[in-house]
Amino acid sequence: MSDLPNCPQCQSSYTYEDRGLFVCPECGHEWSGSETGAEADDGLKISDANGNPLADGDTVTVIKDLRVKGSSSVVKVGTKVKNIRLVEGDHDIDCKIDGIGPMKLKSEFVKKA
């Protein structure tokens, strides 16, 4: 009926695709299409300022005051950013910051919370 893969955690066949990830509605597990079993292939490897590996959906803390280009706003030290997305490029974190809105960050200015 469907060519979507079964959930690797609970083997449910009711999976669906959302923004490039497969989601299991029964156990809530999310995984990428290239993931095999419990490990993903050699994909995007991004680390925070301390060398800890980052993943989609992580929460990070800003370690330096960051001026927002084209605005007088500043992202203060200690600001928590939830549910990050990793992307390729110079600014490798795509996120939404409360009070400022969507923006891209460099991983060298954040640490994993």
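Predicted, not measured: the structure shown is a model, and the values here were computed from it. Below, all heavy atoms of this structure are taken into account, side chains as well, without hydrogens, waters or symmetry copies. Along the sequence shown, residues carry numbers from 1.
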Enquirer: What about I84 and I63, same hydrophobic cluster or not, with Ile/Leu/Val/Met/Phe/Trp/Tyr joined at side-chain heavy-atom distances under 4.5 Å?
Expert: no
Enquirer: Ignoring hydrogens and angles, tell me if any N or O in the side chain of D48 forms a donor-acceptor pair with the backbone of N50 under 3.5 Å.
Expert: yes
Enquirer: Should V75 and M103 count as side-chain neighbours, where that means a heavy-atom distance under 4.5 Å?
Expert: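 The answer is yes; the side chains approach within 4.5 Å.
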Enquirer: Rounded to the nearest 0.5 Å, what separation is found between the CD atom of E108 and the CD1 atom of I93?
Expert: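 So the gap between those two atoms works out to 10.0 Å.
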Enquirer: For the atom pair NZ (K80) and SG (C95), what is the distance rounded to the nearest 0.5 Å?
Expert: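 K80 NZ to C95 SG: 14.5 Å, rounded to 0.5 Å.
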Enquirer: Hey, what do you get for CG (L105) to NE2 (H91), rounding to the nearest 0.5 Å?
Expert: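 Nearest 0.5 Å value for the CG-NE2 distance: 8.0 Å.
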Enquirer: Take W31 and T15 through the test side chain to side chain contact (heavy atoms under 4.5 Å, CB included) and record every step on the way to the result.
Expert: CA-CA 11 Å; W31 71 98; T15 57; 3.4 Å; yes
Enquirer: Of the non-hydrogen atoms in V87 and K104, which two are nearest, and what is the gap between them?
Expert: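 Closest approach of V87 to K104: CG2-NZ, 4.0 Å.
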Enquirer: Might you work through the side chain to side chain contact (heavy atoms under 4.5 Å, CB included) test for V68 and I100, ending with a clear yes or no?
Expert: CA-CA 9 Å; V68 179; I100 295 176; 4.3 Å; yes
Enquirer: Please indicate whether D18 has more than 12 foreign heavy atoms, meaning atoms of other residues, nucleotides or ligands, lying under 6.0 Å from its CG.
Expert: yes
Enquirer: Would a distance-only check, ignoring hydrogens and angles, find a side-chain to backbone donor-acceptor pair under 3.5 Å from K112 to L54?
Expert: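 It does not hold such a pair.
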Enquirer: Which atoms form the tightest heavy-atom contact between D90 and K106, and what is the distance?
Expert: OD2-CE, 3.3 Å
Enquirer: Can you tell me how far the CG atom of L66 sits from the OG1 atom of T79, to the nearest 0.5 Å?
Expert: 8.5 Å
Enquirer: Do the side chain of D92 and the main chain of L86 share a donor and acceptor less than 3.5 angstrom apart?
Expert: no
Enquirer: Considering residues, nucleotides and ligands other than E88, do more than 12 of their heavy atoms fall under 6.0 Å from its CD?
Expert: no
Enquirer: Take atom OH in Y16; do more than 12 heavy atoms of anything else shown fall under 6.0 Å from it?
Expert: yes
Enquirer: Kindly compute the distance separating CG (D94) from CG (N83), expressed to the nearest 0.5 Å.
Expert: 10.5 Å
Enquirer: Nearest 0.5 angstrom please: E30 CD to C7 SG, how far?
Expert: 10.5 Å
Enquirer: Where do V77 and D65 come nearest, in terms of heavy atoms and distance?
Expert: N-OD1, 2.9 Å
Enquirer: Sub-3.5 Å donor-acceptor pair from the side chain of D56 to the main-chain atoms of R85, do we have one?
Expert: no
Enquirer: With side chains defined as the heavy atoms from C-beta onward, is the minimum distance between H29 and P8 less than 4.5 Å?
Expert: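 Of all side-chain heavy-atom pairs linking P8 with H29, at least one is under 4.5 Å.
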